[in-house]
Undergrad: 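Have a look at this one before I ask anything.
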Amino acid sequence: MTIDHPSFGRIDDDRIIIFDTTLRDGEQSPGFSMNIDEKLRMADLLASLGVDVIEAGFPVASQGDFDSVYEIAKAIRGPVICGLARTGGRDDIARAGEAIRPAERRRIHNFISTSPLHMKYKLRMEPETVLDLITRGNTEARNYTDDVEWSAEDGSRTEPDFLCRCVEAAIRAGATTINIPDTVGYATPDDIEALFAMLRERVPGAETVIFSAHNHNDLGLAVANTLAAVRGGARQIECTINGIGERAGNAALEEIAMAIRTRPDAMPYRHNIVTEHLLRTSRMLATITGFDVQPNKAIVGRNAFAHESGIHQDGVLKNAATYEIMTPESVGWTKSSLVLGKHSGRAAFRDKLRALGYGELGDNQINDAFARFKDLADRKKVVYDEDLVALVDDEVRDHATLRFVALDVTAGSRRPAEAVLELDVRGEPVTATAQGAGPVDAAFNAVRAVFPHQASLMLYSVGAITEGSDAQARTTVRLQEDGKMVDGQGADSDTVVSAVRAYVHALNKLITKRQRAEPEALTA
Ligand code: KIV
Ligand code: ZN
């Protein structure tokens, strides 16, 4: 069976549409918010990864969200660009329509709750009102684009007869994709397969639309539920890089893409994901947000292809297939991630950055990054791709107001720690000296002396980027001020410098946020 779709044309029955919601549902997880530049970089990587749809944000939620969706719609070519809207929200659909306008192919995704619990307590609406809004919302969305998705929030806990009526109303009003989320991650794979099969069987017009799965991971079943939805007839999968998302997250894109690629016997479907780009996309997200995946995370975790036991190592050396069901290269791990040496020139450096997904850097950013690379290569025996990524990410971060210049620290068990810090504050060098309980405390006090502020430090965490005692540290600092929370990241082979870079990054974000004076964003 094939379907004629407004954005994709004729879609064969074995084709799976990958809908990435890292920049919307993913960004809703605490601490994962991204600024426009970071979202643009992620969107660019998602496009080269081959996702079919990028859900770029929730335009009515805040001016920042609107701007991100608009800029992504303007800059990114390839995937359909989608904006989220509430069905029945006051300006939601108009704002979403406006934000996606510059895109080559655009989608409005509107949603409303349909479960008894949500209708009664959250919406305080009668089912008939919800039905009416579904008709009105999807009709309105079609004024902006032919590609309209409708979601039944808490769909998996919705009473089946009512869900059928809702889906039928959405299709009649012009929705071309019907998404049935397991919003609270409650369903089992059997439930989900049966739910999609039931809808396809019972709803008039079901054969003209694409059904979509959106599963949360509260019971660790998001990926299994998503693959079960495909068995039940869903042909769009909503997922996120590294499985980030509300609470326990969404289904992980990299796991679904590799499950389908690795087991064509059990899952005879096709998707357009360039799986060799999975690792770099995952890494970029971790760098931008400051949250690494756990080492044993499938596909992209540090240990996903590591063999510790002697018996396994011996087997892999004889024949990798003994313990590897997919090759590390097929998801982007390279045999040697050794980067350039300290004698490498600027051209080789630029080429390497391009290969790592940083083709768009300006000359100033390249020059600054190159200077830091030379400095790092002098101090560190081996510079890996991961080191380079961390260093370049540091350079392209928000330096609108403050920029790190230099830090000297004295510390140890005999005397109080003291830090002498120089920052560039709006183009002017400012230096301060401060003491503290330890070197990081002294350095943070010096930041406060250079640039006085009221923000409270909520989180400070450090991890090593690679192995060895000369490894660069990657630091996350979370600051809070007037109910606004931001995370900053920093990297350096000196742990205290890394911490200060992270603190300065967080402050820059806070200042940018303050200047925009955004109201607290809505989430879906
Ligand atoms: O989980 C959910 O129900 C959602 C909808 C907005 C699609 O994220
Ligand atoms: Zn969700």
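When a ligand or atom number is given, it counts from 1 through the structure's own listing order. These numbers were taken from a predicted model, which means no experiment stands behind them.
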Undergrad: So, are E140 and R136 salt-bridged, with charged N and O less than 4.0 Å apart?
TA: no
Undergrad: Does either side chain, that of R261 or that of T275, offer a donor lying less than 3.5 Å from an acceptor on the other one?
TA: yes
Undergrad: Would you call R15-D12 a salt bridge at under 4.0 Å N-O?
TA: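 Salt bridge between R15 and D12, a charged N being under 4.0 Å from a carboxylate O: no.
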Undergrad: Check for me whether R106 meets the cation-pi criterion with Y144, that is, NZ or CZ under 6.0 Å from the six-membered ring centre and within 45 degrees of the ring axis.
TA: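 R106 over Y144 ring: no.
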Undergrad: Without hydrogens or angle criteria, can the side chains of E481 and Q454 be said to hold a donor-acceptor pair below 3.5 Å?
TA: no
Undergrad: Any donor-acceptor pair under 3.5 Å linking the side-chain atoms of D191 with those of T188?
TA: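 Checked: T188/D191 side chains pair up, N/O donor to acceptor below 3.5 Å.
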Undergrad: Less than 3.5 Å apart, any donor N or O on the side chain of N242 or S282 sitting next to an acceptor on the other?
TA: yes
Undergrad: Does either side chain, that of D20 or that of T22, offer a donor lying less than 3.5 Å from an acceptor on the other one?
TA: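 There is such a pair (donor and acceptor under 3.5 Å, judged by atom type) between the side chains of D20 and T22.
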Undergrad: Is R24 near ligand 1, meaning one of its heavy atoms is under 4.0 Å from it?
TA: yes
Undergrad: Is there a polar contact between ligand 1 and H214, counting only N or O atoms under 3.5 Å apart?
TA: yes
Undergrad: Can an N or O of T183 be found at a distance shorter than 3.5 Å from an N or O of ligand 1?
TA: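 Min N/O separation from ligand 1 is below 3.5 Å for T183.
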Undergrad: Does ligand 1 have a heavy atom under 4.0 Å from the side chain of D25, from its backbone, from both, or from neither?
TA: side chain
Undergrad: Among protein atoms, how many N/O/S atoms lie less than 2.8 Å from the Zn ion (ligand 2)?
TA: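 There are 3 of them.
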Undergrad: Do N215 and T226 have a side chain donor and acceptor closer than 3.5 Å?
TA: yes
Undergrad: Which ligand 1 atoms does H216 reach within 4.0 Å, using its non-hydrogen atoms?
TA: 1 (O)
Undergrad: Heavy-atom pairs closer than 4.0 Å: do any link ligand 1 to the side chain of H109, the backbone, both, or neither?
TA: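 H109 to ligand 1: side-chain contact only, backbone stays beyond 4.0 Å.
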Undergrad: Which atoms of ligand 1 sit under 4.0 Å from any heavy atom of E153?
TA: 3 (O)
